[in-house]
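Below: one structure, written as structure tokens.
Side chains are part of it too, since the values below use all heavy atoms of this structure and drop only hydrogens, waters and symmetry mates. As the structure is a prediction and not an experimental result, all values here were calculated from the model.
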Amino acid sequence: MQRLYRKRVILGVGGGIAAYKSAELVRRLRDQGADVRVVMTKGGREFITPLTLQALSGNPVHLDLLDPAAEAAMGHIELARWADLVLIAPATADLMARLVQGVADDLLTTLVLATDAPVAVAPAMNQAMWGDAATQANAIALQKRGIRLFGPAAGSQACGDVGMGRMLEAEELAQRAADCFESRALDGVRMLITAGPTQENIDPVRYITNHSSGKMGFALAEAAAEAGAQVTLVTGPVHLPTPDRVNRIDVVSARDMLAACEASMPCDVLIASAAVADYRPEVIAPHKLKKDPTSGDGLLLQLVRNPDILATLAQRPDRPFSVGFAAETENLIEYAARKLQSKNLDLIVANDVANPNIGFNSEDNACSVIDRELHETRFPQTSKAKIARQLIDFIRERLTRHQD
Ligand code: C5P
């Protein structure tokens, strides 16, 4: 089995003698099915040539942050987004220290800051350098930030010393890279995600809508697809690119959204992150409404309730594991818990849209997830992409329990 099938791995090569093992590592990653792009530091290039790694990876090697030709081909932000995993092997003591500091003076360190993908480092250095208090503190700091440490191993070293600091062997690193995905595996799980606002037409030129940007739903779709789920994303009008490996269906109104969701059933998991308009105009005027001189300054618009997409799907006999969102400005947990019960959900994600740093249209989010036992799990503020990954992980874990 290819444990890294279709996974995109950036292999960062730092300036240490263990860089000779990076060539073998590229081979092992590709044997596991990964698409590998190599990024080399200046130091890395002193130990192994880009040409070797280009030939082995089958992709151009990325060297400089400020190279216009390379940027035109695949910009550094694009490369950071492309990655499903950033693996730095070898990671020197200097490189680890620079990562701790958040330095971004070359392509590799910049990518680490810019990526939302998991990052792993395989330290490789002399045993005294590894044992030094500064390096040890740096290793702990990186782990605290969620960066994984692969190794190092003990043994004889290129400098003649014996001790901790050897880079793990290529085969083991490739297996560890594959393990990064295993814990999030949603292979074969059919996931339906609603996202964005809906637009409810008043007449041919006007409509009712809301501030939802769709960012959270798109981030969830991306994270779920990355974890192997078969994702259908039903979205209202938004200005967002379709995440890779996601089947996107564009809709306008709540009724369109319901119809598209019903047509996409059955599914195993439903995540309703769309901000669906609760009401729509009872009639859509066939022509642009004119100002009526007889009605003074006012205009009465008769609204009717829209169907509740989530509640409708969560009541079907083939009901999926159902996750709702509750965007509230007050009494967050209490209102969310009520919604969980009234809509017959398994989980509800509560977010405080009164906080200007999170929620609608912002880049970040923070939320609490409430389950049927009304137990609350908090997810502190971070980028929507990171929260999405954490939520997908959490949903996967609950889904497994639910199925057992
Ligand atoms: O009742 P409220 O709109 O606050 O509920 C929010 C949750 O219900 C969200 O998950 C939203 O996507 C879903 N919803 C829906 N259809 C509606 C209204 C809300 O799917 N008409």
Stepwise, does the salt bridge (Lys or Arg N to Asp or Glu O under 4.0 Å) test hold for Arg248 with Asp250?
CA-CA 6 Å; Arg248 169 177 177 165; Asp250 286 293; 3.0 Å; yes

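- Between Arg176 and Asp179 no salt bridge is recorded (no basic side-chain N to carboxylate O distance below 4.0 Å).
- Ser213 and Val238 make their closest contact through O-CG1, 3.3 Å (heavy atoms, listed as atom of the first residue, atom of the second, distance).
- Shown are Val119, Val112, Val100; of these, the side chain to side chain contact (heavy atoms under 4.5 Å, CB included) with Leu142 is made only by Val100.
- Closest approach of Ala139 to Trp130, counting heavy atoms only: CB-CH2, 4.0 Å.
- A salt bridge links Asp64 with Arg45: the closest approach of a Lys/Arg side-chain nitrogen to an acidic carboxylate oxygen falls below 4.0 angstrom.
- Checked for salt-bridge contact, Lys384 and Glu363 miss the test: no charged N lies under 4.0 Å from a carboxylate O.
- Salt-bridge annotation for Asp35 and Arg6: absent, with no side-chain N of the basic residue lying under 4.0 Å from a carboxylate O of the acidic one.
- A salt bridge links Asp346 to Arg372: one of the charged nitrogens lies within less than 4.0 Å of a carboxylate oxygen.
- Closest approach of Ala83 and Ala117 over heavy atoms only: O-CB, 3.3 Å.
- Side-chain polar atoms of Gln175 and Arg3 form a donor-acceptor pair below 3.5 angstrom.
- Contact between Val246 and Ala221 at its shortest, heavy atoms only, is CG2-O, 3.8 Å.
- Tested against Ile88, the residues Val13, Thr41, Val39, Leu99 include a single side chain to side chain contact (heavy atoms under 4.5 Å, CB included) partner, Leu99.
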Trace of the salt bridge (Lys or Arg N to Asp or Glu O under 4.0 Å) decision for Lys343 with Asp308
CA-CA 9 Å; Lys343 297 190 192 218; Asp308 190 314; 2.6 Å; yes

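- Contact record, Thr198 with Ala277: OG1-N, 3.0 Å, taken as the closest heavy-atom pair.
- With respect to Asp84 and Lys7, no salt bridge is recorded, no charged nitrogen being found less than 4.0 Å from a carboxylate O.
- Ion pairing of Arg398 with Asp371 is present here, as a side-chain N (NZ or NE/NH1/NH2) and a carboxylate O approach within less than 4.0 Å.
- Taking the charged nitrogens against the carboxylate oxygens, Arg8 and Glu226 have no contact shorter than 4.0 Å, which rules out a salt bridge.
- Checked by atom type and distance alone, the side chain of Arg389 never pairs as donor or acceptor with a backbone atom of Ala219 at under 3.5 Å.
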